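Working notes, beginning with the structure itself.
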2 protein chains.
Amino acid sequence: MHKTHNNSKQRKAVLEAIRSTDTHPSVRWIHEQVKTKLPGISLGTIYRNIKVCREEGSVVSVGVVNNEERFDGIVEPHPHAVCTKCGRIIDIDDLPEAENIHLSGFTVDKRRTVFYGTCVQCCRAGKNLLAQFGRLRKGFSHN
Amino acid sequence: MHKTHNNSKQRKAVLEAIRSTDTHPSVRWIHEQVKTKLPGISLGTIYRNIKVCREEGSVVSVGVVNNEERFDGIVEPHPHAVCTKCGRIIDIDDLPEAENIHLSGFTVDKRRTVFYGTCVQCCRAGKNLLAQFGRLRKGFSHN
DNA sequence: GTGCTTGCAAACGCTTTGCAAGAGT
DNA sequence: ACTCTTGCAAAGCGTTTGCAAGCAC
């Protein structure tokens, strides 16, 4: 049931790289970073290890910016600020209340709140059954 | 300066399709929907018209769910709920305060707030100059 | 005619995956 | 041995784009 993991040096390096920064890095950044320590590491290995880390809960995705998924080693949910010019993602730990904050110089254009969870239809349906089905690439049809 | 738009029937149909639903449709959905009225319309045209509509401000993106960008004809920012099982995106107009809401049956797992705007570095830099540069696909490097 | 728009198909870019070889226990 | 993991390369898939033809004014 519980998969035993080898905890290869590659996996450790990936997790370490993600935890070493607060820039919410992309796969490309992580790859470049890890390559300085393990020059031979391949992109596929980065992807696969990020996936494992996410399943383990040691890494979360903070969304897609400019076509690249961005990751965080701080897994506790917290607000972020995304610069629409350069793509920087900044942690916002002490959530300000006004719309027009200027947190450390960050000027807010718009604010988006997203709740993640389970909708009525999926709540009703058998959990495991629909869960698997719904996660299939082409399976779902958001109607 | 101000581009004159033809407002082709294709463009109208795309905008109409997006406005016809509250499901925050994907390109695929929009294409299928518009094809029932304009069977010959191509995917590229859907993409190009969505782009124009976004630049005009008549359509906004509400994010990427399961690899597909999702759009909204209601351009005023408002919170959304994303079902992690089936990918549904639901409008939340009356924002509840607690974490454990059960709005119309939607059970919240986690909540994410994202601010979009301009970071210090980009604020300092000349607006137009860096703005263009920063938006380039490969140009930026979120450090 | 001029400039915006379209359909088509090819290209792009990020991500995933099949496979045979390698590592860890 | 057995299982997990890796590097490589190819494939997948959503999205973008070059181009010649079409449309609207």
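Here is the naming used below: chain letters follow the sequence lines, and residue numbers restart at 1 for every chain. The model shown is predicted, which means the values in this text are computed figures rather than measured ones. What you see below is based on every heavy atom in this structure, not just the backbone, and it leaves out hydrogens, waters and symmetry mates.
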Separation of atom CG in A:Leu43 from atom P in C:dC14, rounded to whole Å: 10 Å
Nucleotide C:dA23, atom P - distance to CD1 of A:Ile41 in whole Å: 14 Å
Candidates A:His80, A:His24, A:Arg70 - the one meeting side-chain contact (heavy atoms from CB on, under 4.5 Å) with A:Val65: A:Arg70
Distance-only donor-acceptor check, side chains B:Thr45 and B:Gln10, under 3.5 Å: no
Residues that B:Thr113 engages under side-chain hydrogen bond (donor to acceptor under 3.5 Å, both in side chains), provided they are two or more places apart: none
Nucleotide of D:dT15, D:dT6, C:dT15 approaching A:Ser8 most closely (side-chain heavy atoms): D:dT6
Sidechain-backbone polar pair: B:Thr84 side chain, A:Gly117 backbone, donor-acceptor under 3.5 Å: yes
Atom pair distance, as rounded to whole Å: CD in A:Glu56 and C1' in D:dC4: 13 Å
Length of the line joining B:Arg28:CZ and D:dG12:P, which is rounded to integer Å: 17 Å
Closest listed nucleotide, where the reference is the side chain of A:Glu68 and the choices are C:dC14, D:dC8, D:dT15: C:dC14
Spacing between B:Lys12 atom NZ and C:dC4 atom P, to the nearest angstrom: 18 Å
Rounded interatomic separation in angstrom, taking CG from A:Asn7 and P from D:dC4: 13 Å
Length of the line joining A:Asn66:CG and D:dT15:P, which is rounded to integer Å: 14 Å
Results of ring-ring contact (aromatic ring centres under 6.0 Å, His included) for B:His31 - residues two or more places apart only: none
N or O in side chain of B:Gln10 less than 4.0 angstrom from D:dC23 OP1/OP2: no
Whole-Å gap separating C1' (C:dC14) and CD1 (A:Ile30): 13 Å
I'd like a table of atom pairs between the protein and nucleotides 17-19 of chain C - only N or O on both sides, under 3.5 Å - with the distance next to each one.
unit_1	atom_1	unit_2	atom_2	d
C:dG18	O6	A:Arg48	NH1	3.1

Heavy-atom donor-acceptor pair, A:Ser58 side chain to A:Cys53 backbone, under 3.5 Å: yes
Short side-chain N/O contact to D:dT6 OP1/OP2 from A:Asn49, under 4.0 Å: yes
A:Asp93 versus A:His78, side-chain donor and acceptor atoms under 3.5 Å: no
